[in-house]
Amino acid sequence: MEVSKIPGREQHFLCCGNSLGKSSQFLCIMDRTAVVPTRRGSSLPQFNTSTSTLAFDQHFTTNAKGILLLAEILSGMLVWILIGGTDYFHLSALCWVMFVAILLWILTICLLVIYLTRAHNRIPQIPWTTLSLCFNCSAAALYLVTAVVDVITVNQAIRGRHNYNCWAASAFFAFLATLCYAGSGYLSYRLWKTKEEGQ
């Protein structure tokens, strides 16, 4: 038996060893009577616990821009849900429709959260009006192509069957999403133009 002290610590261990040929067995027990000095002051850094400065814009969803964003989210969600409930993966065209619908749906939700929390006012370095204009125009163009591809794909399904009904409904909502994004693009263009004229 031997008593060993770990350097830099105030704890003692009692170790017994037994050597049997190539294998060795050791049992170490910590001496519970050793006293370890503790600090009374906290070593954790102090963080500012003030409330967040992000505010919720309650009136955003009642103006035209907010209503169009909600309509874009709802119609985009219906597009990918209706296609996702079918055997779309056999047709690469519908995989494209799913990709566009889900991508634009996620980006639109992010944009809604930014506008609802007024984060766009907190980051003035980003030209939000120009960004919104580019996003809405790109989304309208992508959804127009997606809606046309969806309509062409509907003809490959058997009329009256589950796939046909879902694909036809998703094509309708894809055209509706195109109109919503085009409307948002128009509102963004008007806002961008007034800001450009004001400078």
Side-chain angles (χ1 to χ4, degrees), residues 52-86 88-89 91-155 157 163-199:
S52 175
T53 57
L54 290 179
F56 179 73
D57 188 1
Q58 298 172 352
H59 303 291
F60 178 74
T61 55
T62 58
N63 64 24
K65 190 173 189 176
I67 292 169
L68 282 172
L69 263 173
L70 291 174
E72 291 161 8
I73 291 170
L74 183 64
S75 58
M77 182 179 66
L78 287 171
V79 169
W80 65 261
I81 285 177
L82 285 166
I83 293 175
T86 63
Y88 71 93
F89 42 85
L91 300 168
S92 58
L94 285 180
C95 292
W96 161 256
V97 172
M98 283 288 285
F99 170 73
V100 170
I102 291 174
L103 177 68
L104 291 178
W105 182 72
I106 290 171
L107 291 176
T108 306
I109 287 177
C110 292
L111 201 59
L112 178 69
V113 169
I114 287 170
Y115 284 126
L116 277 178
T117 59
R118 295 182 183 171
H120 63 288
N121 292 334
R122 311 269 312 144
I123 311 169
Q125 297 85 1
I126 298 174
W128 290 104
T129 308
T130 307
L131 181 73
S132 180
L133 174 65
C134 293
F135 172 72
N136 287 318
C137 291
S138 301
L142 279 171
Y143 251 116
L144 182 61
V145 172
T146 299
V148 170
V149 167
D150 206 357
V151 167
I152 292 170
T153 311
V154 169
N155 294 329
N163 284 355
Y164 178 87
N165 294 335
C166 288
W167 294 349
S170 71
F172 169 76
F173 286 112
F175 278 113
L176 183 63
T178 303
L179 291 175
C180 292
Y181 280 109
S184 290
Y186 174 72
L187 292 177
S188 298
Y189 173 73
R190 281 181 46 195
L191 185 61
W192 175 78
K193 192 173 181 180
T194 55
K195 281 192 174 183
E196 287 293 316
E197 289 173 354
Q199 291 179 352

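Keep in mind the model is a prediction, meaning the values are calculated, not measured.
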Asker: Out of the candidates K195, E197, R190, only one should pair with K193 under the side-chain contact (heavy atoms from CB on, under 4.5 Å) rule; please name it.
Answerer: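 Option passing the side-chain contact (heavy atoms from CB on, under 4.5 Å) with K193: E197.
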Asker: Considering non-hydrogen atoms only, spot the tightest contact between T108 and I73 and give its length.
Answerer: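 Reported closest heavy-atom pair: CG2-CG1, 3.6 Å.
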Asker: Looking at L111, V113, L112, which one forms a side-chain contact (heavy atoms from CB on, under 4.5 Å) with Y115?
Answerer: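 Between Y115 and the candidates, side-chain contact (heavy atoms from CB on, under 4.5 Å) is satisfied uniquely by L111.
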Asker: Could you report the tightest heavy-atom contact between T178 and A140, atom names first, then the distance?
Answerer: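 That closest heavy-atom pairing would be CG2-O, 3.6 Å.
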Asker: For the residue pair A64 and L187, what are the closest heavy atoms and their distance?
Answerer: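 That closest heavy-atom pairing would be CB-CD1, 3.8 Å.
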Asker: Applying side-chain contact (heavy atoms from CB on, under 4.5 Å), run through V151 and W167 and close with a yes or a no.
Answerer: CA-CA 8 Å; V151 167; W167 294 349; over 6 Å; no
Asker: Working to the nearest 0.5 angstrom, can you tell me the gap between C180 SG and F175 CZ?
Answerer: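 Reported to 0.5 Å precision, the distance equals 13.5 Å.
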Asker: Ignoring hydrogens and geometry beyond distance, is a side-chain donor-acceptor pair present between Y88 and T153 at under 3.5 Å?
Answerer: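 The answer is no; no qualifying pair exists.
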Asker: Okay, side chain of W128, backbone of I123: is any donor-acceptor separation there less than 3.5 Å?
Answerer: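 Checking the backbone N and O of I123 against the side chain of W128, a donor-acceptor pair under 3.5 Å is found.
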Asker: Measure the CG-CG distance between L69 and L116 for me, rounded to the nearest 0.5 Å.
Answerer: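 Interatomic distance, L69 CG to L116 CG, rounded to 0.5 Å: 8.5 Å.
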Asker: Do L94 and D150 pass the side-chain contact (heavy atoms from CB on, under 4.5 Å) test, and can you show the C-alpha distance, the side-chain angles, and the key distance before you say yes or no?
Answerer: CA-CA 7 Å; L94 285 180; D150 206 357; 3.6 Å; yes
Asker: Is the count of non-hydrogen atoms from other residues, nucleotides or ligands lying under 6.0 Å from Y186 atom OH greater than 12?
Answerer: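 No - once you tally the heavy atoms of other residues, nucleotides and ligands closer than 6.0 Å, there are 12 at most.
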Asker: Heavy-atom distance under 4.5 Å between the side chains of N165 and L82, does that happen here?
Answerer: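 A side-chain contact under 4.5 Å is absent here.
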Asker: Please lay out, stage by stage, how E72 and L104 fare under the test side-chain contact (heavy atoms from CB on, under 4.5 Å).
Answerer: CA-CA 9 Å; E72 291 161 8; L104 291 178; over 6 Å; no
Asker: What distance do L133 atom CG and L191 atom CG have between them, rounded to the nearest 0.5 Å?
Answerer: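 Reported value, rounded in 0.5 Å steps: 9.5 Å.
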Asker: Please report the interatomic distance CH2(W80) to OG1(T146), rounded to the nearest 0.5 Å.
Answerer: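 If we round to the nearest 0.5 Å, W80:CH2 and T146:OG1 are 15.5 Å apart.
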Asker: What closest approach, in Å, do I83 and S170 show between heavy atoms, and which atom pair accounts for it?
Answerer: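 Smallest heavy-atom distance, with atoms named: CG1-OG, 3.4 Å.
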Asker: Listing request: all side chain to side chain donor-acceptor pair (under 3.5 Å) pairs with a residue in residues 94-103, at least two apart in sequence or in separate chains.
Answerer: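 Residue pairs with at least one partner in residues 94-103: there are none.
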Asker: Any donor and acceptor pair, going by atom type alone, linking the side chain of S184 with main-chain N or O of Y181 inside 3.5 Å?
Answerer: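 Not at all, since once roles are kept as given, no pair shorter than 3.5 Å links the two residues.
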Asker: When you look at CZ of F60, are more than 12 heavy atoms from neighbouring residues, nucleotides or ligands closer to it than 6.0 Å?
Answerer: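 Check passes, neighbour count above 12.
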Asker: Would you say CZ of F99 has more than 12 non-hydrogen atoms from neighbouring residues, nucleotides or ligands within 6.0 angstrom?
Answerer: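 No, because the 6.0 Å sphere around CZ of F99 holds 12 heavy atoms or fewer from other groups.
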Asker: What's the separation between atom CZ in F172 and atom OG in S75, rounded to the nearest 0.5 Å?
Answerer: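 The OG atom of S75 is 9.5 Å from CZ of F172, to the nearest 0.5 Å.
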Asker: For T129, does its backbone N or O pair with a side-chain atom of S132 as donor and acceptor, under 3.5 Å?
Answerer: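 Not confirmed, S132 side chain does not pair with T129 backbone.
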Asker: Looking only at non-hydrogen atoms, find the nearest pair between C166 and T86 and report the distance.
Answerer: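 Scanning both residues completely, I find the closest heavy atoms to be CB-CG2, 3.5 Å.
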Asker: How close do T61 and I67 get, counting heavy atoms only, and between which atoms?
Answerer: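 Result for this residue pair: O-CG1, 3.3 Å.
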